[in-house]
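Order of appearance sets the numbers: ligands from 1, and atoms from 1 within every ligand.
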Amino acid sequence: MLQASRSLALQLPSLRSLGADPFTLGVASGDPSPDGFVLWTRLAVDPTRGDGGMPTTPVAVRWEIASDPMMKTVLKHGTTAATPELGHSVHVETVGLPSNREFFYRFHAGDATSPVGRTRTAPAPHTKLDRLRFAFASCQNFEHGYYIANRDIANADVDAVVFLGDYIYEYRSKDRPRVHALPALKTLDDYRTCYAQYHADLDLQAAHAAHPWIVTFDDHEVENNWAGDIDQENDSPASFLPRRAAAFKAYYENMPLRRTSVPTGPEMQIYRKLQYGQLAQFTVVDTRQFRTDQPCDDNFKPTCDARQSPAATMMGAKQEAWFADTLATSPTQWNIIANQVMIQQLRETMHGQTVYNMDQWDGYPAARKRLTDFLAARRPSNPVFVTGDTHQTWVGNLKADFDDPHSAVVATELVGTSITSGGDGTAKTKYSDENLAANPHIVYNNDQRGYFLCEISEKQMISQLRVADKVTSRDGKMSTASRFVTESGRPGVQVLS
Ligand code: FE
Ligand code: CA
């Protein structure tokens, strides 16, 4: 290994001659295991360019892991190559570290040194943990505001951050406080440029540098409301799949993901599980790549026959079987499911008609019934779904039959809001009361930007909704809007304060 590292370092050009900082996109870590994690960076001396202003040759990057933030006691180090084929990104997968511990890391390229990041290994599978803290977030449209919430996440005391998708947005909006570099993303270079613009944000860099992230994508990493091999315009798979391949490649290059998620053309393995001792398991699902097309012409629509199709699927048959097996055999007391779009039924009224968001599980009621029937029959231990996408907070209960008030509660669902998407909001919308009355399984709704901070213990899970008073100016302030509790052994959630 040492031999290989040395010869690699000798073969690869130094960045010294470029005379610019290649660490403009920050550092990150992700997917903790009991003995390691992924360390990430991506070199770009000019983040405004698709190629990052980097040479067309590989560049040697040295990495170090230490037990202290001053990087005095280095425990592990090595050299890897940042190649133009992978956008000069670096993914280091470490093994052999002690479990449930804090570590610090940094990179060197040429005579440049990156900022120091902090991360953690997961506890060993047999460990009885007293508590686990995590943040979950989604939907950070760069144009819609500043990353006030990411700055708050950077300062939070958590073991991990779970990001549920819409990390980037693929189009340009009008009249927003910030502007996307490109009007629309189609090619690999386009997607790379967009990620570089997001990663150059210092608040987002701080959140990545502070904690390991567990990420999954939703629609906007590729295109609004894509479904399987079909895009929003219902173009042929032949025209959509090359774009999906470019988007997935850029996603991998820009996220702290393991080698198992390296895409093969338009296919990418993102569903997976991560265990935290005996206390909790994160099951990360993929409800985009294998889903059937949205019924009833998509978006907010009255129901139609196609909505009732028993062939409707969100996960695809293979993942659905894996999901059931993962939950049924889970060794942990709590089961956190990282999920993209809202599962709870949300009946809304528009122009005097009842409508459903066909892009959510509401568009796939047969698939949802299979999910809730499984939860009711197998009763996996304390299932809590954490969800993104809607740009509002909806806290509620999953039920075997949402239309029957006596139907049993089978799980909690916390739909987080957005980091910025939608811009400044208000605690209540003019539809909040009406929507809560029409959907009695939902206990809380809020339309401010923010994220959730969760703490799991043996007895309960306390979830805190953190919100920003505004995101359209840099001086937005965060506060706790409300707290919720799910007690162990009792499915469902209650408002605490
Ligand atoms: Fe979104
Ligand atoms: Ca979305």
- [ ] Go through the side-chain N and O atoms of Y191 and R243 and say whether any donor and acceptor fall under 3.5 Å apart.
- [x] yes

Task: Opening angle between OD1 in D219 and OD2 in D166, taken at the Ca ion (ligand 2), to 10 degrees - done: 90°

Task: Under 3.5 Å side-chain donor-acceptor pair for T420 and R449 - done: no

Open item on the list: Regarding K477 and D152, does a basic nitrogen lie under 4.0 Å from an acidic carboxylate oxygen?
Closed with: no

Open item on the list: Between E320 and R370 (salt bridge meaning N to carboxylate O under 4.0 Å), is one present in this structure?
Closed with: yes

Task: D166 backbone or side-chain N/O/S under 2.8 Å from the Fe ion (ligand 1) - done: yes

TODO: Inspect the contact between D229 and R291 and indicate whether a charged nitrogen and a carboxylate oxygen are less than 4.0 angstrom apart.
DONE: no

Open item on the list: Taking N, O or S atoms only and a limit of 3.0 Å, check whether D389 reaches the Ca ion (ligand 2).
Closed with: yes

Task: Closest approach to the Ca ion (ligand 2) by D218, given as the N, O or S atom name - done: OD2

Open item on the list: How large, to 10°, is the angle at the Fe ion (ligand 1) when you draw lines to OH on Y169 and to NE2 on H391?
Closed with: 90°

